[in-house]
Amino acid sequence: MPPAMDTEAIHTRRLTLLPLLADHAGELAAVLSDPALHTFTGGAPASPEALRTRHERLVAGSPDPAVTWCNWVIQLRDRGCLAGTVQATVTVDAHGSAAEVAWVVGTDWQRRGIATEAARGLVAWLRHRSVQTLIAHIHPDHHASAAVAAAAGFTPTGHEQDGETRWQRVPEVAGSRTAAGGAAGSGAAYDAVYAATSDAAGRRAR
């Protein structure tokens with residue numbers, strides 16, 4: 001079993017991943033206001049008020065003791081502004097621990113490698129905490145998010161869920177190429193933080 005999943009700041013070359021707070025809702029609502037971010041997930045941008053309510057639920061944590069919700073906002077360290085989010089839903093059972101991960105980056109900040117850098121930082125953080133099985137669900141037409149997943153060491157599997165392909169991270173990332181864009185991530189990311197919150201925060205909400 002991995003050590004306690006207390007969300008903490010994660011530092012990468014250009015970014016700081018800050019633990020999600022309800023107070024981030026106002027700025028994030030603006031960052032994620034482009035309806036195009038919902039092309040592969042459905043729904044519409046949330047208002048600051050609705051987003052704050054959802055953040056409060058996520059910060060309160062999962063009612064299931066075997067499930068931990070870990071959510072971060074992506075902050076550009078040199079500008080001090082937010083660019084998106086990453087998240088991991090960590091589960092523990094008799095077979096060990098696993099995390100479903102996801103990401104979303106605002107339209108204005110895409111194509112800068114931000115999603116790739118954030119995803120790699122998240123993966124390293126989870127690996128350091130002995131979470132070995134890492135999963136992401138990505139729409140098969142969401143090529144930018146697939147590129148981010150590949151750069152973070154994930155490979156597609158033959159399994160599909162709710163129209164999304166399951167990607168799983170291989171043990172080693174050798175010579176991975178950084179994705180050119182920082183496009184919005186898998187549908188799981190958006191639904192986990194910006195759609196209806198559920199016990200399975202990493203899954204698509206229907």
Side-chain angles (χ1 to χ4, degrees), residues 1-12 15-22 24 28 32 41 54-75 82-93 95-105 114-138 142 145-146 148-155 157 161-162 164-171 173 182 184-205:
M1 180 180 297
M5 290 285 120
D6 291 330
T7 307
E8 59 190 8
I10 300 171
H11 301 281
T12 67
L15 311 173
T16 300
L17 309 184
L18 298 170
L20 180 76
L21 300 174
H24 290 135
L28 276 178
L32 302 173
T41 64
R54 292 163 190 169
H55 285 190
E56 288 171 348
R57 293 173 186 162
L58 288 172
V59 171
S62 170
D64 184 343
V67 177
T68 302
W69 296 340
C70 301
N71 294 274
W72 294 262
V73 294
I74 302 171
Q75 182 188 64
L82 303 185
T85 68
V86 294
Q87 68 98 6
T89 300
V90 182
T91 57
V92 179
D93 59 22
H95 302 289
S97 59
E100 180 157 355
V101 304
W103 46 83
V104 60
V105 169
I114 291 172
T116 295
E117 186 173 335
R120 284 174 165 171
L122 174 59
V123 164
W125 187 86
L126 290 166
R127 288 295 195 186
H128 185 65
R129 282 149 187 78
S130 302
V131 180
Q132 294 302 312
T133 302
L134 304 182
I135 298 163
H137 284 89
I138 301 173
H142 200 334
S145 191
V148 171
F154 292 80
T155 56
T157 70
Q161 177 178 318
D162 296 333
E164 293 182 327
T165 301
R166 172 182 170 131
W167 289 61
Q168 189 160 328
R169 190 183 187 280
V170 296
V173 182
S186 70
Y190 200 89
D191 290 332
V193 184
Y194 306 103
T197 305
S198 69
D199 288 353
R203 299 291 184 183
R204 282 181 61 85

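What's counted below: heavy atoms across the whole structure, side chains too, no hydrogens, waters or symmetry copies.
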Checking His128 side chain against Trp125 main chain: does a donor-acceptor pair fall under 3.5 Å?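 No: the side chain of His128 does not pair with the backbone of Trp125.
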Tell me if a side-chain donor or acceptor on Thr157 pairs with a main-chain N or O of Arg166 at a distance below 3.5 Å.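 Present.
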Which heavy atom of [X] sits nearest to which heavy atom of [Y], and what is that distance?
| X | Y | answer |
| --- | --- | --- |
| Ala150 | Trp167 | N-CZ3, 4.0 Å |
| Ile10 | Gly121 | CG2-O, 3.8 Å |
| Val123 | Ala152 | CG2-O, 4.2 Å |
| Thr89 | Trp69 | CG2-CD1, 4.0 Å |
| Leu20 | Val59 | O-CG2, 3.4 Å |

Who pairs with [X] by side-chain contact (heavy atoms from CB on, under 4.5 Å), at least two apart in sequence or on another chain?
| X | answer |
| --- | --- |
| Gln132 | Arg127 |
| Thr68 | Met5, Cys70, Val90 |
| Thr91 | Val67, Ala98 |
| Ala118 | Leu15, Leu17, Ile74, Val86 |

[Y] side chain reached by [X] side chain, heavy atoms, under 4.5 Å:
| X | Y | answer |
| --- | --- | --- |
| Leu28 | His55 | yes |
| Leu82 | Gln75 | yes |
| Val101 | Phe154 | yes |

Answer yes if the side chains of Trp72 and Thr16 hold a donor-acceptor pair under 3.5 Å, and no otherwise.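 Judged by distance alone, the side chains do not pair up.
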